[in-house]
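Data first, discussion second: the structure below is written as structure tokens.
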Amino acid sequence: MTKKVLLLDGNSLAYRAFFALPLLANEQGIHTNAVYGFTMMLQRILDEEQPTHMLVAFDAGKTTFRHETFSEYKGGRQKTPPELSEQFPYLRKLIEAYQIKSYELPNYEADDIIGTLSREAEEAGDEVIIISGDKDLTQLASGSTVVYITKKGITDIEKYTVDHIQEKYGLTPQQIIDMKGLMGDASDNIPGVPGVGEKTAVKLLAKHGTVEGVYRDIEQLKGKLKEKLEQNEELALVSKQLATIERQAPIEVKVEDLTYSGPDMDQLQRIWQELSFKSLLEKLDAPEQQQEQQKELTFQVVEEVVPEMLSGAMAVQLEMAGEQYHTEPVLGLALADANSVYVIPPDVMQASDILKTWLEDGANKKYLADSKAASAAFHRSGIDLEGAEFDLMLGAYIVNPSLTYTDVANIVREYGYTDVSTNEQVYGKGAKKAVPFDELLHEHIARKAKAVWEVRAIVESRLQDNEQFGLYHDLELPLAVILGQMESLGVRVDRRQLEEMGQELTAKLKDIEAGIHEAAGEAFNINSPKQLGVILFEKLGLPAIKKTKTGYSTAADVLEKLEGKHPIISQILLYRQLGKLLSTYIEGLLKEIHEDGKIHTRFQQALTQTGRLSSINPNLQNIPVRLEEGRKIRKAFVPSEPGWVMVAADYSQIELRVLAHISGDEGLVEAFRTGQDIHTATAMDVFHVPADEVTANMRRVAKAVNFGIVYGISEYGLSEGLKISRKEAGEFIDRYLASFPGVQRYMEESVKQAKKDGFVTTLMNRRRYLPDINSSNFNMRSFAERTAMNTPIQGSAADIIKKAMIDMADALEQEGMKTRMLLQVHDELIFEAPPEELEKLKILVPKMMESAVPLNVPLKVDFAHGDTWYDTK
DNA sequence: CTGTTCACG
DNA sequence: ACGTACGTGAACAGC
């Protein structure tokens with residue numbers, strides 16, 4: 001029988017896991033992230049691969065035979081952080097519990113052990129999988145050996161087969177060694193040839209095969225490259241030698257000794273407990289045991305609500321089986337305080353005036369898991385909830401927006417409370433999802449209410465500690481009420497209008513489709529990038545510009561570059577554009593119109609990492625506007641009262657104004673204070689010309705640079721945005737930062753703050769944690785750095801419009817106006833209004849929005865109205 | 001259930 | 001050298 005042999009690079013994987021995950025710790029304060037990451041990876045591999053033989057190889061000691069060749073090998077490496085060193089004993093114990101063999105050999109590295117064993121296994125005709133975080137190991141790939149290299153994260157894996165290496169580098173596995181020889185490896189301090197990087201190395205090897213081949217043919221080369229190669233021949237050969245994995249190490253283990261037959265479950269459970277791997281333990285002993293672990297809870301299912309049950313402050317859990325709280329049936333209501341828990345079935349709830357009165361009295365404080373969902377659902381039953389004093393989801397979101405807030409059980413677990421089951425445990429998932437029998441359901445609702453009651457104080461104290469209580473209590477909490485009202489009110493949509501547009505579009509699409517099929521010479525699915533790729537790049541022979549993971553890219557920017565090369569391209573672009581309108585906006589929106597003729601979106605208030613809202617079922621924050629054909633969709637969004645008008649008010653350049661404020665950059669502040677066109681002003685400074693000499697192109701460039709600045713600029717990003725070279729993009733950035741030194745300072749400070757504190761903040765002290773900011777992985781770190789620059793800007797803008805919404809809602813009520821706020825689209829607010837209020841609104845709306853938060857530059861709001869949303873321009 | 005594409009700010 | 005602009009949601013194809 002052939003064996004399936006798994007060889008793991010213990011040190012490399014532990015390092016990867018350590019840097020990929022935030023610093024977790026168990027109850028004794030021992031850090032566990034590396035062991036945890038290793039475990040997750042291991043579990044996944046065991047599930048997927050089901051090996052018959054396994055070994056974890058470790059490096060032994062500091063020096064190896066390679067140091068005899070090159071004493072600086074792996075020199076300049078940072079010392080292993082103590083937070084990681086302390087985890088190695090646990091890692092060993094864990095491997096022991098899995099009953100996996102481990103091995104190390106003085107003077108050799110883990111690579112060499114793996115190299116030697118994989119050779120033996122191959123010779124015996126066995127299948128081998130090598131797992132490491134180090135790409136060096138890919139040199140071991142062969143017909144029967146695949147090398148898995150962890151990608152960002154730890155459970156994500158890239159599989160290096162011979163073919164994959166060929167495709168990715170155009171090299172054989174053996175040539176990986178030659179590549180390392182030429183380009184070196186900074187992390188192992190292998191020098192390589194100075195000035196030769198991956199690109200050059202690959203080019204050379206494609207032509208000359210090996211390092212030796214390059215030097216054999218050295219006379220064919222010329223210029224700088226030849227010079228560099230000649231000067232460093234010795235270095236190249238030594239580097240190659242260093243990069244070569246020893247496949248004949250004097251190891252004492254044999255492949256036959258590595259049999260794997262599963263973990264010792266008792267031992268595994270013990271070590272997981274020691275490390276506090278709760279989620280893994282749960283998986284281990286299924287839901288039954290989890291139920292048993294919960295503390296007993298007494299609750300009373302009531303047939304009638306009596307005043308004695310109701311106190312001045314209670315947790316209120318209104319249970320629905322799904323997320324769509326605008327339509328989802330109510331399954332029951334639970335009330336909890338320190339002394340008692342009551343569960344009220346839906347019919348009892350509906351019938352009780354006592355309960356309705358209590359819920360509508362703001363003097364009674366309610367603590368809820370999701371106040372917006374509850375009040376929207378109560379609203380359907382004719383109950384106007386008042387006095388929502390605590391919202392678990394919002395509180396937890398403000399403490400840390402990076403977690404997902406969909407389930408009470410998962411939220412309260414973050415705060416150490418475990419006496420409640422997850423929705424999945426109670427309702428099941430996928431096809432098996434169902435409402436359970438009453439006893440189970442009632443207990444679940446009761447436990448949720450109790451959990452909210454118990455956890456409230458902890459969440460609030462965390463908010464206080466972080467100086468975020470104000471943000472939570474005075475911004476997000478009142479906003480939830482307003483959003484709930486906006487959602488319940490809904491937006492009126494003209495069904496007929498959409499249907500007519502749909503018919504036109506359908507006819508047009510049919511014509512275009514026929515034209516495309518004719519041009520292609522066959523019928524195919526234009527919506528399938530795979531089929532389309534074959535037609536364009538194989539059948540029609542157009543040049544493939546970009547590739548995706550799965551094949552040719554056919555994205556719009558690629559197709560645009562091909563326009564003019566073949567008439568089919570512009571037809572495809574048009575087909576895509578109109579197809580999107582039909583399926584997403586015509587058919588999609590029609591499906592979302594409720595019986596009242598309105599669309600009731602849901603604003604997610606605890607989702608984005610920056611503090612913005614998002615809109616779902618449907619998304620009303622991405623209704624087309626940039627292209628006229630799409631913009632017409634907005635004609636279907638109409639006032640819900642006859643004769644009323646739609647009103648739109650949007651902030652002009654809010655993000656750049658926020659940047660001016662928080663950076664304090666004098667030039668930027670001055671430009672806004674004097675009311676200049678900001679892109680023109682930027683162009684003047686960047687190109688050193690007076691206003692009347694700024695050309696349209698200069699302004700276009702300045703605008704793109706401004707965009708880039710807000711996003712956390714990178715040369716590459718700007719070069720893509722402007723379709724110019726990276727070098728030119730870099731020059732624009734340098735000139736911008738020289739012109740606006742305050743902005744440069746802000747960028748540096750943001751990154752510095754993130755590195756020091758682990759998070760960045762907005763104007764109102766919203767936080768975003770950036771665990772990757774000190775990552776050793778360039779990509780992850782760069783991403784985190786751009787995020788550190790962007791989040792305070794985008795997030796502060798979100799803070800401002802949220803405050804404006806609260807002020808605006810207050811003002812409308814104060815003034816006793818009929819106007820209704822309907823939608824928020826990040827920097828604009830949409831209303832419907834009776835015409836007689838228009839004159840007043842023209843003053844009031846900009847005033848409230850502009851004064852929401854005082855900045856050191858003015859905020860500016862543009863106001864428009866019309867018969868439909870389309871006409872508010 | 002994931003990847004690609006495309007709509008918005 | 002690395003391979004990206006920041007933040008979202010929905011439809012569709014193809015496993």
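Per chain, numbering begins at 1; letters A, B, ... match sequence-line order.
OP1 or OP2 of C:dC15 lies within a sub-4.0 Å distance of a side-chain N or O belonging to A:Lys530. Between A:Arg626 and B:dG9 there is a side-chain N or O to OP1 or OP2 distance below 4.0 Å. A sub-4.0 Å separation between OP1 or OP2 of C:dC6 and a side-chain N or O of A:Arg786 is present. For the OP1/OP2 pair of C:dG9 and a distance below 4.0 Å, the side-chain nitrogens and oxygens of A:Ser614 include at least one atom meeting the criterion. Regarding contacts with the backbone of B:dT5, a side-chain N or O of A:Thr554 is found under 4.0 angstrom from either OP1 or OP2. Contact between the side-chain N/O atoms of A:Asn525 and the OP1/OP2 oxygens of C:dA13 is found at a separation under 4.0 Å. One finds a side-chain N or O of A:Ser528 lying less than 4.0 angstrom from the OP1 or OP2 phosphate oxygen of C:dG14. Applying the 4.0 Å criterion to OP1 and OP2 of C:dT4, one finds that A:Ser782 has every side-chain N and O outside that range.
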Derivation of the salt bridge (charged side-chain N to carboxylate O under 4.0 Å, His left out) call for A:Lys433 and A:Glu424 = CA-CA 8 Å; A:Lys433 192 164 176 183; A:Glu424 197 179 304; over 6 Å; no
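Here the C1' atom of nucleotide B:dC6 and the NZ atom of A:Lys546 are 13 Å apart, to the nearest Å. Atom pair A:Gln609:CD and B:dG9:P shows a separation of 22 Å (rounding to whole Å applied). Atoms CG (A:Leu582) and C1' (B:dA7) sit 14 Å apart, rounded to a whole Å.
Spacing of P atoms, C:dC2 relative to B:dA7, comes out at 32 Å, to the nearest Å. With P as the reference atom, C:dA5 and B:dC6 are 14 Å apart, rounded to whole Å.
In this structure, of C:dA10, B:dT4, B:dA7, it is B:dT4 that holds the atom nearest to the side chain of A:Thr548. Candidate nucleotides B:dG9, C:dG7, C:dG9 were compared by shortest atom distance to the side chain of A:Phe783, and C:dG7 ranks first. Nearest nucleotide to the side chain of A:Phe707, out of B:dT5, B:dC8, C:dA5: C:dA5. Comparing B:dA7, C:dG14, B:dT4 against the side chain of A:Asn622 picks out B:dA7 as the nearest. Taking the side chain of A:Tyr711 as heavy atoms from C-beta on, and the options C:dT4, C:dC12, C:dC6, the nearest nucleotide is C:dC6. Of the candidates C:dG7, C:dA10, C:dA5, C:dA5 carries the atom nearest the A:Ser714 side chain, counting heavy atoms from C-beta on. Closest to the side chain of A:Thr787, from the set C:dT8, C:dC6, B:dT5, is C:dC6.
Among the protein residues, A:Glu198 comes within range of the sugar-phosphate backbone only, with heavy atoms under 4.0 Å from sugar or phosphate atoms but none that close to a base. Nucleic acid contact for A:Ile623: sugar-phosphate only, since backbone atoms but no base atoms lie under 4.0 Å from a heavy atom of the residue. Within the nucleic acid shown, A:Ala798 has no heavy atom closer than 4.0 Å to any nucleic acid atom.
Figure legend: cation-pi geometry between A:Arg602 and A:Tyr325, with NZ or CZ positioned under 6.0 Å from the six-membered ring centre and within 45° of its axis. Judged by the 6.0 Å and 45° rule, A:Arg767 forms a cation-pi pair with A:Phe759.
Annotation: of the two residues near DNA chain C, A:Pro529 and A:Met183, the 5′-most nearest-nucleotide partner is A:Met183.
Under the Watson-Crick or G-U wobble criterion, with both distances below 3.5 Å, B:dG9 is paired with C:dC6. A 3.5 Å limit on both hydrogen-bonding distances identifies B:dT2 as the Watson-Crick or G-U partner of C:dA13.
Between A:Phe537 and A:Tyr552, the ring planes lie tilted relative to each other; the angle falls in the 30° to 60° range.
Taking the six-membered ring wherever Trp is involved, the centroid distance between the rings of A:Tyr736 and A:Phe732 does not fall below 6.0 Å.
Atom CD1 in A:Ile678 sits 6.0 Å away from atom CG in A:Leu656 (nearest 0.5 Å).
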